[in-house]
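Beneath this line is the structure, given in structure tokens, with notes to follow.
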Amino acid sequence: MKLRFFILHSTFFTLHSSFFISMLMLLAACGHPAVPTDYTSVDKTPFIQPDYTEVTVPGNICPTNFSVKEGTREVVARLTAGKVSYTYGDENNIIMDENEWTELRDAAKGGSIKVEVFAKKDGAWQAFKPFNIYVAEEDIDPWISYRNIQPSYVAYEKLAIRQRNLTNFDESDIYNNLGVQTEADGQCINCHSYQNYHTSNMLFHMRQSYGGTMIVHDGQLKKIDLKTDSTISAGVYPSWHPTLNVIAFSTNSTGQSFHTKDLAKIEVQDTKSDLILYDVETDEVFNVENDSNELEVFPCWSADGKTLYYCSAHFEYYNDSIAKETEMIQRYKEVKYSLYAKPFDMKTRRFGPSEKIYDAAAEGKSATLPRVSPDGKYLVFAVGEFGCFHVWHKDADIYLMNLATRQTRKLEGINSKESESYPSFSSNGRWLMTASRRDDGNYTRPYISYFDKKGVCHKAFEVPQRDPNFYTFFLRSYNRPEFMVEPVGVSLKTFVSKAKEDAKKAKFVSRK
């Protein structure tokens, strides 16, 4: 009976606030059931959710609790690493004590935890084929952040940017718009970003009610209006320079269209987009790329700060008798983005000419969302058939480019039959995270893969939750998952207070 409460626990803003529910889960994990001695062996691994069979996990990850989906309500699992062994079982859920998991995980570092699952069916026990959970020597960044959003496309009321500790199950709001506005005059929040994985320099956007960009600079918070008379919009899709206090943004005129016949019911497209550079200290904005026949978007700095990568699609409007938005809706499948690199002089803060480094359009594809590995060796990005918003595209996969050779390949291990988007590297370069729809095709969830020193990506696993059935009942998507080495230092109360203030206007500066 006690586990039924966790369905209620998935309610959004009470997610981790109930001490009572946490205690119930702890009690469920404290028992150590006996392993059956009389059983029949089954020559297959058990079907478990989330799927942690044969995955490689970080050396500091929280327990990988799972549920056995074999049509039984009586299950026992034995986990063994060296001389350390524990058994668990509560109905069909395997929920581990965090201290005991730490013992197992530490004993298995550089090796594996053997998992044996026993299930009772029709009064008789079955023993499934054991599987391994491999534990890497390398740790992962302790924190991630993401936007939790309902798949309603237009409703912003219950929207939040949250942070989660991967070494345990702690989770909290960085910002939620319920603290500012409800129902009327809704507010959209998006595009949280950090400088070199640290939160003392960070930002996120607010649109519509109380619009502006919230920027934390050396721990101090300010609110800026990045829209000028010389730019398309306020800054969108940010990338903070790794060492300088400048941020690259795109500026976009973005719209949504809805389809009745296509299996993909929604499409997001830009009718215009440029690149700008914002100086955090002077609040000045400069153009970087603003060709009217190019849709430039998704800037991303190299690890050394000397190159700006971005995506651009060549698109010329030819029908003057209709609005650009209408023409884009009619021709949206023609929009295909390729990858570009632009040198940057860190002393003069000026850019050189752009170079196309991956002609995805020539292959009939569209490449978006580039991210560079911390060692500067690799570039990961999402590839789909068209457009810039691959989260809605079932065909979207993650690709990898070797920056030394420019060789490009689909990245095995992290991809699935559903959409993959928003790839990002951990600060040590050994872990890749994506927003994946592999669970059900509707909701994006955070998945992590071990990226080894040979450039091989291992089987992806879902970010663990205390309740293994959590994702089944949590009906919100995880958008733009990002790694952090520390939690955000500015309080939710401080963000809410600043959000209600007027934004300071940025100043556009023309460079010849």
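The model shown is predicted, which means the values in this text are computed figures rather than measured ones.
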Practice prompt. Could you list the residues that satisfy ring-ring contact (aromatic ring centres under 6.0 Å, His included) with Y340, not counting sequence neighbours?
Written response: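 Testing Y340 for ring-ring contact (aromatic ring centres under 6.0 Å, His included), a comparison that skips the adjacent residues, returns Y310.
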Worksheet entry | Test ring-ring contact (aromatic ring centres under 6.0 Å, His included) applied to Y175 - qualifying residues, sequence neighbours left out |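 F204.
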Worksheet entry | Full working for side chain to side chain contact (heavy atoms under 4.5 Å, CB included) between F298 and S250 | CA-CA 6 Å; F298 298 127; S250 63; over 6 Å; no
Fill in: N190: side chain to side chain contact (heavy atoms under 4.5 Å, CB included) partners, not counting sequence neighbours
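N190 satisfies side chain to side chain contact (heavy atoms under 4.5 Å, CB included) with R147, H205, R207 once adjacent residues are dropped.
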Distance alone, cut at 3.5 Å: any donor-acceptor contact between the side chains of [X] and [Y]?
X	Y	answer
Q163	S172	yes
N479	S477	no
N93	N469	yes

Worksheet item: Hey, is D139 close enough to K109 for a salt bridge, meaning N to O under 4.0 Å?
Response: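 Yes, charged N to carboxylate O under 4.0 Å.
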Worksheet entry | Electrostatic pair E171:R162 at N-O distance under 4.0 angstrom |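 Here E171 pairs with R162 in a salt bridge, since their nearest N and O are under 4.0 Å apart.
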Qualifying residues under side-chain hydrogen bond (donor to acceptor under 3.5 Å, both in side chains), relative to [X], sequence neighbours excluded:
X	answer
Y197	none
K394	E418
Y422	none
E325	none

Item to complete: Could you point out which residue of W301, Y278, Y194 forms a ring pair (Phe, Tyr, Trp, His ring centres under 6.0 Å) with H241?
Response: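 So the option named by the test is W301.
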Fill in: H458 and its ring pair (Phe, Tyr, Trp, His ring centres under 6.0 Å) partner, picked from Y447, W431, Y450, Y134
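It is Y450; the other options fail the test.
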Between [atom1] on residue [X] and [atom2] on residue [Y], distance to nearest 0.5 Å:
X	Y	atom1	atom2	value
N415	C457	CG	SG	8.0 Å
L221	S497	CG	OG	9.0 Å
Y52	I94	OH	CD1	13.0 Å

Qualifying salt bridge (charged side-chain N to carboxylate O under 4.0 Å, His left out) pairs, either residue in [range], two or more places apart:
range	value
residues 223-236	D225-K505
residues 432-446	E420-R438, D439-R445
residues 481-500	R371-E482, R480-E482, K498-E501

Worksheet entry | salt bridge (Lys or Arg N to Asp or Glu O under 4.0 Å) involving K410 - partner list, sequence neighbours excluded |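 D397.
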Worksheet entry | Partners meeting salt bridge (Lys or Arg N to Asp or Glu O under 4.0 Å) with K272 (sequence neighbours left out) |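 With neighbours one apart ignored, the set is empty.
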Fill in: Aromatic ring pairing H217/W240, orientation class (parallel under 30°, perpendicular over 60°, tilted between)
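Rings of H217 and W240: tilted, as their planes differ by 30° to 60°.
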